[in-house]
Amino acid sequence: QVQLVESGGGWVQAGGSLRLSCAASGRTSSSYAMGWFRQFPGKEREFVAAISWSGGSTYYADSVKGRFTISRDNAKNTVYLQMNSLKPEDTAVYYCNTRPSYSSYFRTADSGSWGQGTQVTVSS
């Protein structure tokens with residue numbers, strides 16, 4: 001079983017930046033893909049970004065493309081989400097996810113292991 005712990009959420013003004021981190025422990029494997037999702041109040045979780053096990057492939061939702069960057073450090077079993085030019089509509093709970101298949105991020109939302117989530121609030 002893999003445990004994921006997110007950190008780095010908080011409050012920021014529109015146009016600002018935050019960096020989220022997600023540390024994996026337990027039955028970890030650098031061959032696993034990792035991703036970020038977010039959930040707005042009353043809505044289902046939606047995909048934000050994913051990264052392959054090597055870090056060589058990344059995939060973003062259109063709503064964050066060009067503003068958010070996902071990266072990973074396999075030596076630290078950690079994935080990051082650098083969020084720049086934040087907008088009030090980015091306000092959500094952000095969740096880390098890990099699963100064996102990178103390609104599954106293109107088609108499957110609810111799969112793999114999840115962190116507990118971290119709140120990001122962007123004020124206008």
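No experiment lies behind these values; they were computed from the predicted model shown.
- One finds the CG atom of Asp73 at 10.5 Å from the OG atom of Ser21 (value rounded to the nearest 0.5 Å).
- Scanning all heavy atoms of the two residues, the minimum distance from Ser123 to Trp11 falls at OG-CZ2, 3.1 Å.
- The closest donor-acceptor contact from the side chain of Tyr105 to the backbone of Gly35 lies under 3.5 Å.
- When side chains are defined from C-beta on, Arg72 counts as touching Met34, because their heavy atoms get closer than 4.5 Å.
- In terms of modelled atom types and a separation under 3.5 Å, the side chain of Gln119 and the main chain of Gly9 share no donor-acceptor contact.
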Check: How far apart are the C-alpha atoms of Ile70 and Tyr80, what are their side-chain angles, what is the distance that settles it, and do they pass the side-chain contact (heavy atoms from CB on, under 4.5 Å) test?
Finding: CA-CA 6 Å; Ile70 189 170; Tyr80 306 97; over 6 Å; no
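- In this view, Lys43 satisfies the salt bridge (charged side-chain N to carboxylate O under 4.0 Å, His left out) rule with no residue, not counting sequence neighbours.
- Separating the CZ atom in Phe68 from the OG1 atom in Thr58 is a distance of 14.0 Å, to the nearest 0.5 Å.
- With rounding to the nearest 0.5 angstrom, the SG atom of Cys96 is 5.5 Å from the CD atom of Glu6.
- Between Ser17 and Gln82, the shortest heavy-atom distance links the atoms CB-NE2, 3.9 Å.
- Judged by distance alone, the side chain of Thr121 and the main-chain N or O of Thr91 form no donor-acceptor pair under 3.5 Å.
- Taking the side chain as every heavy atom from C-beta outward, Arg38 and Arg45 never approach each other to under 4.5 Å.
- Residues Gln39 and Tyr95 are in side-chain contact: their nearest non-hydrogen atoms beyond the backbone lie under 4.5 Å apart.
- Nearest heavy atoms, Ser71 versus Ile51: CA-CD1, 3.6 Å.
- Taking both residues in full, the closest heavy atoms of Tyr102 and Tyr59 are given as OH-CB, 3.4 Å, listed atom of the first, atom of the second, then distance.
- Ala24 approaches Leu4 most closely through the heavy-atom pair CB-CD2, 3.5 Å.
- Tyr60 approaches Lys65 most closely through the heavy-atom pair O-CE, 3.7 Å.
- In this structure, the side chain of Asn97 engages the main chain of Ser113 through a donor-acceptor pair within 3.5 Å.
- Residues Val93 and Val122 do not share a hydrophobic cluster, defined by chaining ILVMFWY side chains whose heavy atoms lie under 4.5 Å apart.
- No salt bridge links Asp90 with Lys87; every basic N to acidic carboxylate O contact stays at or beyond 4.0 Å.
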Next item on the list: Determine, stepwise, if the pair Val120 / Leu20 fulfils side-chain contact (heavy atoms from CB on, under 4.5 Å).
Entry: CA-CA 9 Å; Val120 171; Leu20 305 183; 4.0 Å; yes
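- Arg67 places a side-chain N or O within 3.5 Å of a backbone atom of Ser85 that can act as its donor or acceptor partner.
- Ser52 places a side-chain N or O within 3.5 Å of a backbone atom of Ser57 that can act as its donor or acceptor partner.
- From Trp36, atom CH2 reaches atom CG of Leu81 across 6.0 Å, with rounding to the nearest 0.5 Å.
- Aromatic ring pairs are classed by plane angle as parallel below 30°, tilted from 30° to 60° and perpendicular above 60°; the pair Phe37 and Trp114 is perpendicular.
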